[in-house]
**Q** 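My structure is below; once you've seen it, I'll send some questions.
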Amino acid sequence: MNSTKIIQGGMGLGVSDWRLARAVSLCDQLGVVSGTALDLIFVRRLQQGDPDGDMRRGLAAFPDAEMAQSILDQYFIPAGKKKDKPYASKAMVGHQPSLALQKLLVVANFVEVFLAKQGHDGLVGINFLHKIQTPIMPSLYGAMLAGVDVVIVGAGIPLQIPSIIDNLCRGEVAEFDLYVQGEEGSGGHKLIFDPAEVMGGACEALARPLFFPIVSSATLAMVMVKKCKGQVDGLIVEGPSAGGHNAPPRGKAVFNEEGEPVYGVRDEVNLEQIARLGLPFWLAGSYGKPEELQKALAAGAAGVQVGTIFAFCEESGLRGDIKSDVIKSCLQGRVQIKTDPVASPTGFPFKVISIAETLSEEEDYNKRKRMCDLGYLREAYELPDGSVGWRCRAEDPKNYVKSGGKLEDSVGKKCLCNGLMANIGLAQVRSDAYEELPLVTCGDDLEGIQRLSTMQDPCYTSADVIDFLLPVS
Ligand SMILES: Cc1cc2nc3c(=O)[nH]c(=O)nc-3n(C[C@H](O)[C@H](O)[C@H](O)COP(=O)(O)O)c2cc1C
């Protein structure tokens, strides 16, 4: 792994799907599938009729044939659902997911990793967002059943993950302390995952994947290394120019004229301190160019984690028309990217590309009736009787406030769950014929895309990206 110079960053939802990760792994670099919302992506692919048979190929390899069959029976529509009909709804993942939902999470994550690993012996990773707490344990277990090699976790401080991985390797019950707003003291609400209950019997020992947290400072890196119960095997050090969510700036919030958070010297990562921790590390955020890879290596990094340039390559899960529009706009120097401090229900800054007929545009955003039906970014809060409730900052503000949320926290929030599903061609259609609109993210640095594509030939593959980044040996 230490010789892997390029990690293709995990990109949710479904942008770094099994096809992209597999293509990268075939080039001897680390391909990473996004583990976010795979249960939902998987059942929608089945409802589309699974045209190439990939989902069914993955299901056929799942160790418990009965469990795989019951999921197929529940969701598969052989001819595909009609375009104007909604996808069947699926239970949201709360802190006590039903056994059926846990099974679905295990199977969906298994299938994605299994497909990414097929036909080669390269390494495959999976990426999770720590903020999305409830699906993490069954998802991890499914990925590990398929032999995932590396687990990468961002958007939070994933101190609990290594010990969960260790328990799951041994087929033992794992626990996760749920973060609940307003709870007195910590650790009062636990998520429990028992692999034997889900698999219906004793579980075999599984190989332990490596664990790499994503950090945005040397302080956080040190906390992870010193305080984790269990092993940290490497670090991804990500700066604020990266695509997707960014860590908020340190210190007092300052905004520029566009309303974007301003990052300063306090946000610069001390790489010497990181190197002193003695772990391999990869730098992320505007490293998608050969010169940047060389700079990273010179600073002692094992390599770079790159997202944006891979997001628009042929094998990524993004809709084809979105890819070619963005690439062409890039070549014409017309792309506008905003680090939006409020769009994401997580409260973290989120980068959004301005594209017509997507939620980035105010007029289109205002046309959408605010509601929450997918629920991955909901926050847990404590009810007066001590139980846990769930609310989303992007839902109808009236409901958000009714459940104790502050109105100001709901302002400008966008439904990332539905928007990101639309990005990959799995948009929900509502009963009033409204189709959910995309919301596209990417990093600040688009030069690599400009150097790899032309107006006549805007397409490039992940192998082109790797050839471009790696020095000729
Ligand atoms: C479309 C897109 C989606 C992303 N989604 C995630 C994600 O789900 N989890 C995560 O940890 N990072 C995510 N990222 C960040 C990438 O994994 C990677 O660290 C980052 O893109 C590197 O910087 P770059 O964009 O300048 O290449 C995303 C990036 C992009 C472009």
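Only a predicted model underlies this, so the values are computations on that prediction, with no experimental measurement involved. Every number for a ligand or one of its atoms is a count from 1 in the order of the listing.
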**Q** With respect to Ala284, determine whether any N or O atom, backbone or side chain, lies less than 3.5 Å from an N or O atom of ligand 1.
**A** no
**Q** Could Glu357 and Arg319 be called an ion pair, given the rule that one side-chain N must be under 4.0 Å from one carboxylate O?
**A** no
**Q** Would you call Arg391 and Asp409 a salt bridge, using N to O less than 4.0 angstrom?
**A** no
**Q** Starting from atom 15 (C) of ligand 1, find the nearest protein heavy-atom neighbour and note its residue, name and distance.
**A** Gly243 O, 3.4 Å
**Q** Assess whether a salt bridge exists between Asp149 and Lys117, defined as any Lys/Arg side-chain N lying under 4.0 Å from an Asp/Glu carboxylate O.
**A** yes
**Q** Which one of Gly156, Gly10, Gly244, Ala155 has a non-hydrogen atom at the shortest distance from atom 6 (C) of ligand 1?
**A** Gly10
**Q** Are side-chain N/O atoms of Glu361 and Ser354 paired as donor and acceptor at under 3.5 Å?
**A** yes
**Q** So if I count the atoms of ligand 1 from 1 in the order they appear, which ones are less than 4.0 Å from some heavy atom of Gly307?
**A** 20 (C), 21 (O), 22 (C), 24 (P), 27 (O)
**Q** Does at least one non-hydrogen atom of Asp445 fall below 4.0 angstrom from an atom of ligand 1?
**A** no
**Q** So which heavy atom in the protein is nearest atom 26 (O) of ligand 1, and how far is it from that ligand atom?
**A** Ser286 N, 2.7 Å
**Q** Heavy-atom contacts with Gly9 under 4.0 Å: which atoms of ligand 1 show up? List them by number with element.
**A** 17 (O)
**Q** Show me which atoms of ligand 1 lie under 4.0 Å from any heavy atom of Ile214.
**A** 11 (O)
**Q** Got the closest protein heavy atom to atom 24 (P) of ligand 1, with its distance?
**A** Thr308 OG1, 3.6 Å
**Q** In plain terms, say whether Asp50 and Arg45 are close enough for a salt bridge, that is, a side-chain N and a carboxylate O under 4.0 Å apart.
**A** no
**Q** Between Ser34 and ligand 1, does any nitrogen or oxygen pair lie at a separation below 3.5 Å?
**A** no
**Q** With distance as the sole criterion, is a donor-acceptor pair present between the side chains of Asp233 and Gln231 under 3.5 Å?
**A** yes
**Q** Please state which protein non-hydrogen atom is closest to atom 8 (O) of ligand 1 and give its distance, to 0.1 Å?
**A** Gly12 N, 3.1 Å
**Q** Give the numbers and elements of all ligand 1 atoms closer than 4.0 Å to a heavy atom of Asn127.
**A** 7 (C), 8 (O), 9 (N), 10 (C), 11 (O)
**Q** Could you tell me, atom by atom, which parts of ligand 1 come under 4.0 Å of a heavy atom of Gly285?
**A** 22 (C), 23 (O), 26 (O)
**Q** Identify, by atom number and element, the atoms of ligand 1 in contact range of Gln305, meaning under 4.0 Å from any of its heavy atoms.
**A** 17 (O), 18 (C), 19 (O), 22 (C)
**Q** Quick one: do Glu436 and Arg368 make a salt bridge, cutoff under 4.0 Å?
**A** yes
**Q** Taking the six-membered ring for Trp, are His130 and Phe176 closer than 6.0 Å centroid to centroid?
**A** yes
**Q** Closer than 4.0 angstrom, basic N to acidic O: yes or no for Asp340 and Lys351?
**A** no
**Q** Check ligand 1 against Thr441 and write out every atom of the ligand that is under 4.0 Å from a heavy-atom position of the residue.
**A** 1 (C), 2 (C), 3 (C)
**Q** With the threshold set at 4.0 Å, does a side-chain nitrogen-carboxylate oxygen contact exist between Glu379 and Arg393?
**A** yes
**Q** Just wondering, more than 12 heavy atoms not from Ile157 lying within 6.0 Å of its CD1?
**A** no
**Q** My understanding is that we take every heavy atom of each candidate and find the minimum distance to atom 30 (C) of ligand 1. Doing that for Glu238, His245, Met11, which one comes out nearest?
**A** Met11
**Q** Using heavy atoms and a threshold below 4.0 Å, how should the contact between Leu129 and ligand 1 be classified: side chain, backbone, both, or neither?
**A** side chain
